[in-house]
Amino acid sequence: MSETRVLPAEWAPQAAVMLTWPHDQSDWVPWLAQADANFTAIAAAVTRFQPLLVGCRDAAHRRHVQGLLAAAGIEPDRLRLFEVPANDTWVRDHGPITVYVDGQARLLDFQFNGWGGKFDASLDNQVTARLHAAGAFGAVAREEIDLILEGGSIESDGQGTLLTTTQCLLNPNRNRLPREKLEARLAQVLGIRRFLWLEHGHLEGDDTDAHIDTLARFADPHTLIYQGCDDPADSHYPSLQAMAAELAELRDGDGRPYRLIALPWPRPIHDAENGRRLPASYANFLIINGAVLAPTYADPADALALRRLAAAFPDREIIGIDCRTLIRQYGSLHCVTMQIPQGVPMAG
């Protein structure tokens, strides 16, 4: 008898949220104190609602992180800290993607190649396996998948629909598979029955080749919330307008148009050192048990973004997290977090 696989939606009950903490052998060195503060703010918000699993580089780094979290008043019984070396902090892309196989949680360990070979990811690619070997996920099975896939590149409605972008998943720097073969493989390992592909949408400064989690997200099986752009003078305007038109043409699992909620467009933010535009997106929020953690950028549009997220998630508390430090390394709040669904015991 064939097995049934389900890729849960992010709003499904969670066992924990996972972080890989920044350290002094990574690109965070120039802003390490600010990164520590940013990650501590995320940790404090998460642990109000559920446990937190933290990957630390080594024993000394673990003691450092423990000190930061203790100073923030976080209860130790909410924390699970493990020593696991990593190149960087983007756990959304190197952490496990959890599915339910015949109702039982299973950790899928896809390959991670640094977004198409742009960066060294040799340590990142071993994080899930090392955490699993250390007992971080209890007795839950880990399944190694011989396919490159990043968690930030896919969105699930929990009912068999996957939303993604052609720019990322069909990029030859990943798997070199035609769409039909890639869909068949993802249907097999993730239990996907419907694929929604976006051809448009990007953020300048984004190294991921248009991850969906910076552009458009499911708020429920019938609602999509997306990063809008209402400034015709902005270089993003044509692409994000075309993406909005694509979203309007999509249909949900019942064959109806999605309810669409546009997030406001923040002002441009540039790297002071090289002038590169930084990828500030309000779509890079994290759904947890009872709350949504939302990136903010000290921008006049922050308040409107929080209000629109509240409209999309009326039963959850909306908590803004200043992510100006995170975007200095070209990611934001969702990129540095990975939810661990219910059914995975949190050992530690």
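All residue numbers in this chain count up from 1 along the given sequence.
Checked against ring pair (Phe, Tyr, Trp, His ring centres under 6.0 Å), Trp197 has no partners two or more places apart in sequence or in another chain.
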Stepwise, does the side-chain contact (heavy atoms from CB on, under 4.5 Å) test hold for Val99 with Glu143?
CA-CA 10 Å; Val99 297; Glu143 180 179 342; 6.0 Å; no
Derivation of the side chain to side chain donor-acceptor pair (under 3.5 Å) call for Thr223 and Asp220
CA-CA 5 Å; Thr223 303; Asp220 60 49; 3.0 Å; yes
Evaluation steps, side-chain contact (heavy atoms from CB on, under 4.5 Å), between His61 and Val54:
CA-CA 11 Å; His61 190 229; Val54 182; over 6 Å; no
Could you go through Arg185 and Asp146, starting from their C-alpha distance and side-chain angles, then the distance that decides it, and tell me whether this counts as salt bridge (charged side-chain N to carboxylate O under 4.0 Å, His left out)?
CA-CA 10 Å; Arg185 190 80 172 100; Asp146 61 345; 2.6 Å; yes
Would you sort out whether Arg217 and Leu309 count as a side-chain contact (heavy atoms from CB on, under 4.5 Å), showing the intermediate values?
CA-CA 11 Å; Arg217 309 283 305 282; Leu309 285 167; over 6 Å; no
Go through it in stages, so that I can follow the logic: the residues are Leu19 and Thr337, the test is side-chain contact (heavy atoms from CB on, under 4.5 Å), and I'd like the CA-CA distance, side-chain angles, deciding distance and then a yes or no.
CA-CA 5 Å; Leu19 296 175; Thr337 55; 3.6 Å; yes
I would like to know whether Asp36 and Trp28 meet side chain to side chain donor-acceptor pair (under 3.5 Å); could you show each step before the answer?
CA-CA 10 Å; Asp36 276 342; Trp28 286 106; over 6 Å; no
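The closest side-chain heavy-atom distance from Glu150 to Asn113 is below 4.5 Å. Side-chain atoms of Lys181 and Asn175, non-hydrogen and from C-beta on, never get closer than 4.5 Å to each other. By the 4.5 Å heavy-atom criterion applied to side chains, Val189 and Arg5 are counted as neighbours. A heavy-atom distance below 4.5 Å is not found between the side chains of Pro221 and Thr161. Side-chain contact between Ile269 and Tyr297: present, with at least one pair of heavy atoms (C-beta onward) separated by less than 4.5 Å. Considering only heavy atoms from C-beta on, Trp90 stays 4.5 Å or farther from Thr208 through its side chain. Considering only heavy atoms from C-beta on, Thr20 stays 4.5 Å or farther from Val84 through its side chain. Val140 is listed as a side-chain neighbour of Pro345, based on a closest heavy-atom distance under 4.5 Å.
Distance OG1/Thr296 to CG/Asp302: 4.5 Å, rounded to 0.5 Å. Taking CG of Leu240 as the start and CG of Asp230 as the end, the distance is 10.5 Å to the nearest 0.5 Å. Of the inter-residue distances, the one linking Asn125 atom CG with Asn87 atom CG reads 9.5 Å to the nearest 0.5 angstrom. To the nearest 0.5 Å, atoms OG1 (Thr164) and CG (Leu186) are separated by 8.5 Å. Between atom CG of residue Leu108 and atom OG1 of residue Thr128 there is a gap of 10.0 Å, rounded to the nearest 0.5 Å. Taking OH from Tyr226 and CG from Leu215, the interatomic distance works out to 12.0 Å, rounded to the nearest 0.5 Å.
Classification of Arg194 and Asp157 as a salt-bridged pair fails, no side-chain N sitting under 4.0 Å from a carboxylate O. Between Asp207 and Arg276, at least one side-chain N (NZ, or NE/NH1/NH2) sits under 4.0 Å from a carboxylate O, which counts as a salt bridge. Using a 4.0 Å cut-off between a side-chain N of Lys or Arg and a carboxylate O of Asp or Glu, Asp109 and Arg142 qualify as a salt bridge.
Leu81 and Leu123 fall into different hydrophobic clusters, where Ile, Leu, Val, Met, Phe, Trp and Tyr side chains are chained together by heavy-atom contacts under 4.5 Å. Hydrophobic clustering, with ILVMFWY side chains joined whenever heavy atoms are under 4.5 angstrom apart, keeps Ile318 apart from Ile321. Under the 4.5 Å side-chain heavy-atom criterion for Ile, Leu, Val, Met, Phe, Trp and Tyr, Leu198 and Ile192 are members of distinct hydrophobic clusters. The same ILVMFWY cluster, assembled from side-chain heavy atoms under 4.5 Å apart, contains both Ile145 and Leu149. Hydrophobic clustering of Ile, Leu, Val, Met, Phe, Trp and Tyr side chains at less than 4.5 Å, counting indirect connections, keeps Leu162 apart from Val6.
In this structure, Arg92 contributes its side chain and Gly152 its backbone to no donor-acceptor pair below 3.5 Å. Looking at Ser156, its side chain does come within 3.5 Å of a backbone N or O of Leu7 through a donor-acceptor pair. Glu10 contributes a side-chain N or O that, together with a main-chain N or O of Ile287, makes up a donor-acceptor pair within less than 3.5 Å. The backbone N or O of Asp27 lies less than 3.5 Å from no partner atom in the side chain of Asp88, so there is not a single donor-acceptor pair. For the pair Asp252 (side chain) and Tyr258 (backbone), a donor-acceptor distance under 3.5 Å is absent. Of the possible donor and acceptor atoms, none in the side chain of Glu155 sits under 3.5 Å from a partner among the backbone N and O of Asp213. Although no hydrogens or angles enter the test, the distance criterion places no donor-acceptor pair under 3.5 Å between the side chain of Arg256 and the main chain of Gly253. The backbone N or O of Asn289 lies less than 3.5 Å from a partner atom in the side chain of Gln50, making a donor-acceptor pair. Between the side chain of Arg78 and the main chain of Val46, no donor-acceptor pair closer than 3.5 Å is present. Not one N or O on the side chain of Thr165 forms a donor-acceptor pair closer than 3.5 Å with the backbone of Ile212.
Tested against Cys56, the residues Arg63, Arg62, His23 include a single side chain to side chain contact (heavy atoms under 4.5 Å, CB included) partner, Arg62. When each of Phe218, Phe285, Trp11 is paired with Phe313, the ring-ring contact (aromatic ring centres under 6.0 Å, His included) condition holds for Phe285 and for no other.
Taking each heavy atom of Thr214 and Gln227 in turn, the nearest pair found is O-CB, 4.0 Å. Between Ala35 and Thr325, the shortest heavy-atom distance links the atoms N-CG2, 3.8 Å. Between Ala15 and Met346, the closest heavy-atom pair is O-CG, 3.9 Å. Shortest non-hydrogen contact noted between Leu170 and Leu177 is CD2-O, 4.2 Å. Ala312 and Ile261 make their closest contact through CB-CD1, 3.7 Å (heavy atoms, listed as atom of the first residue, atom of the second, distance). Closest approach of Pro96 to Phe137, counting heavy atoms only: CG-CZ, 4.1 Å.
Gln14 and Gln339 form no side-chain donor-acceptor contact under 3.5 Å, judged by distance and modelled atom types alone. Judged by distance alone, the side chains of Trp115 and Asn173 never bring a donor and an acceptor atom under 3.5 Å apart. A donor atom on one side chain and an acceptor atom on the other are not found under 3.5 Å apart for Gln167 and His202.
The number of heavy atoms from other shown groups lying within 6.0 Å of CZ (Arg176) does not exceed 12. Heavy atoms from other residues, nucleotides or ligands lying under 6.0 Å from CZ of Arg179 number more than 12.
Between Trp21 and His64, the distance from one ring center to the other does not fall under 6.0 angstrom.
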